[in-house]
Visitor: 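Sharing a structure here in structure tokens format.
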Amino acid sequence: MYQIDDTHDAGLQSWVESANHPATDFPIQNLPIGVFRRAGSRETFRPGVAIGDHVVDLLAARDAGLLPREVAGSLAGCEHGELNAFMAQGPHARRALRRALSEALRSGSTAQAALQAALLRQADIEHAMPCRVGDYTDFYTGIHHATAVGKLFRPDNPLLPNYKWVPIGYHGRSSSLGVSGQSFLRPQGQTKGTADTPEFGPSKRLDYELELGAFIATGNTLGSPIAMEQAEDHVFGLVLLNDWSARDLQAWEYQPLGPFLAKNFASTISPWIVTMEALAPFRAAWTRAAGDPQPLSYLDSEVNRRQGAIDITLEVWLQTSSMAAAGQAPERLMQSNFRDAYWSVAQMVAHHSVNGCNLQPGDLLGSGTQSGPEDGQGGSLLELTCGGKRPVRLANGETRTFLADGDTVILRAQCQRDGFRRIGFGDCAGTVLPAGKR
Ligand code: CA
């Protein structure tokens with residue numbers, strides 16, 4: 001598992017001034033990785049690391065001879081804006097990069113003068129997907145979400161009997177994954193309608209889902225399951241993930257094979273991958289409530305019980321088009337915590353591969369919607385509005401049951417613990433456009 005070392009020291013300061021601001025998501029203790037280029041340019045996307053409100057251009061730093069040889073070598077294959085080759089090298093390469101940048105960006109580092117030339121302002125860049133996602137799988141680890149949604153569909157039988165035994169998931173679609181700033185057309189499709197024939201048209205019940213996504217680092221050979229003890233060695237890091245969902249399409253199509261067109265028109269992630277190393281101080285015990293079944297042995301391990309959970313505060317914010325036009329900031333709709341997930345990241349990896357299924361570098365595993373236990377902690381509008389029956393009232397007087405055209409949904413997340421520096425994930429923003437054609 002992940003060691004806490006001097007790269008997590010709360011006293012570390014950076015010569016990049018904005019990284020020392022208490023509210024930044026990207027202090028020197030975080031160092032998340034993404035790909036970027038100058039906004040509006042036709043440059044090739046390239047890997048970078050966020051520090052305060054700047055980004056370190058890793059290829060520029062490498063080419064200027066500012067990275068140790070081992071670290072410079074580990075970036076080979078990432079020149080075309082995809083991190084898969086770096087991800088495939090596993091935790092060792094990631095830790096070496098983290099250490100090199102932690103030292104080079106510290107106050108007093110002799111690298112400051114030279115490294116300054118490899119810094120850009122985040123305000124001046126744009127992002128792309130950080131890697132080629134071969135396969136995207138969406139799990140359902142939020143038991144409060146599963147129960148609340150189950151109640152809407154099956155009042156007498158909200159949680160199906162397999163839920164507490166199987167980390168439920170389905171295979172999603174990677175082609176429509178996008179990075180924060182993504183906008184998409186309101187999907188059209190079939191809904192149940194009121195007469196004998198279904199209706200066709202734009203979704204009237206468009207929703208978001210608050211999730212985390214785990215990127216796979218090293219994969220496994222087909223036929224060789226990943227054991228719980230090694231599962232997190234195969235994980236690169238986490239991003240925020242908005243699994244946009246058309247509830248009316250979903251309700252009509254989901255039986256018997258599960259979600260299809262209700263989910264595959266767009267899914268948005270945050271641009272910076274927060275590495276498992278950066279999350280080390282925020283690990284928590286993974287537990288089962290008394291009376292719930294203990295996991296089967298292939299889903300159990302001592303290390304998972306000790307620190308399989310991760311304490312990450314998750315939030316959904318909404319900015320309607322009229323709020324944007326009036327210059328009003330987004331409004332927070334809810335908060336929850338990833339600690340409440342029923343299954344851990346390691347259990348998702350172990351379960352996904354237990355039948356021999358091979359994971360590959362850059363694969364993305366969604367956590368499922370992370371709702372909290374309390375009323376008002378729903379990670380989707382479906383829950384917050386009780387299936388559209390209880391509208392959410394915004395400060396400017398607008399109401400929402402489901403999303404309107406022009407709405408921008410922003411997911412945010414942060415980790416805090418006494419004695420450690422707060423880190424965040426940056427924004428995961430996406431905007432709904434009217435139905436029609438691009
Ligand atoms: Ca989902």
Side-chain angles (χ1 to χ4, degrees), residues 133 135-153 158-160 162-163 166-180 182 184 187 189 203 205-216 238-255 257-270 312 314-316 333-334 336-338 340-345 347-349 351-352 363-372 377-385 387 402-403 409-411 413 425 428-430 432:
V133 181
D135 281 295
Y136 159 49
T137 301
D138 200 17
F139 281 89
Y140 202 49
T141 72
I143 191 169
H144 304 299
H145 171 75
T147 307
V149 172
K151 253 181 212 150
L152 295 171
F153 287 89
L159 209 57
L160 293 170
N162 57 4
Y163 188 86
V166 183
I168 301 289
Y170 70 96
H171 283 121
R173 186 159 183 90
S174 52
S175 65
S176 51
L177 286 164
V179 79
S180 183
Q182 183 180 29
F184 61 91
S203 169
R205 289 162 71 92
L206 183 61
D207 202 355
Y208 54 78
E209 289 190 339
L210 169 62
E211 303 195 20
L212 285 167
F215 275 108
I216 295 299
L238 304 185
V239 290
L240 283 159
L241 166 65
N242 187 340
D243 178 26
W244 305 95
S245 299
R247 301 300 181 193
D248 40 0
L249 276 60
Q250 185 179 357
W252 175 232
E253 75 174 6
Y254 90 108
Q255 287 175 318
L257 288 186
F260 183 36
L261 302 184
K263 300 274 193 178
N264 69 2
F265 53 91
S267 313
T268 309
I269 65 165
S270 51
I312 306 174
L314 304 167
E315 299 173 342
V316 176
L333 300 185
M334 60 73 73
S336 65
N337 196 299
F338 188 47
D340 292 331
Y342 199 75
W343 301 103
S344 68
V345 171
Q347 287 167 324
M348 290 196 281
V349 170
H351 183 68
H352 203 312
D363 280 359
L364 180 62
L365 311 186
S367 66
T369 308
Q370 300 298 311
S371 304
Q377 285 193 297
S380 65
L381 281 173
L382 184 69
E383 292 157 87
L384 284 184
T385 68
F402 292 96
L403 294 171
V409 176
I410 302 142
L411 311 184
F425 279 64
C428 173
V432 181

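One is the number of the first residue; the rest follow in order along the sequence. Given the structure is predicted, the values throughout are model-derived calculations rather than measurements. In each ligand, atom 1 is the first atom listed, and ligand 1 is the first ligand listed.
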Visitor: Does the plane of the ring in H351 sit parallel, tilted or perpendicular to the ring in F139? Use 30° and 60° as the thresholds.
Guide: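 Aromatic pair H351/F139 classed perpendicular.
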Visitor: With a cut-off of 3.0 Å, how many protein N, O or S atoms neighbour the Ca ion (ligand 1)?
Guide: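 Count of protein N, O, S atoms less than 3.0 Å from the Ca ion (ligand 1): 4.
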Visitor: With the threshold set at 4.0 Å, does a side-chain nitrogen-carboxylate oxygen contact exist between R247 and E209?
Guide: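 Looking at R247 and E209, the cut-off is met.
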Visitor: The criterion is side-chain hydrogen bond (donor to acceptor under 3.5 Å, both in side chains); which residues satisfy it with N264, sequence neighbours excluded?
Guide: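 N264 satisfies side-chain hydrogen bond (donor to acceptor under 3.5 Å, both in side chains) with no other residue.
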Visitor: Among L241, L240, V239, which residue meets the side chain to side chain contact (heavy atoms under 4.5 Å, CB included) test with E211?
Guide: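 So, applying the side chain to side chain contact (heavy atoms under 4.5 Å, CB included) to E211 and each of L241, L240, V239, only L241 qualifies.
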Visitor: Should the heavy atoms of other residues, nucleotides or ligands under 6.0 Å from OH of Y170 be counted, would the total exceed 12?
Guide: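 Counting neighbours around OH of Y170, more than 12 heavy atoms of other residues, nucleotides or ligands fall under 6.0 Å, so yes.
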Visitor: Over 60° means perpendicular and under 30° means parallel, so tell me whether F265 and F184 are parallel, tilted or perpendicular.
Guide: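 Tilted: the ring planes of F265 and F184 meet at 30° to 60°.
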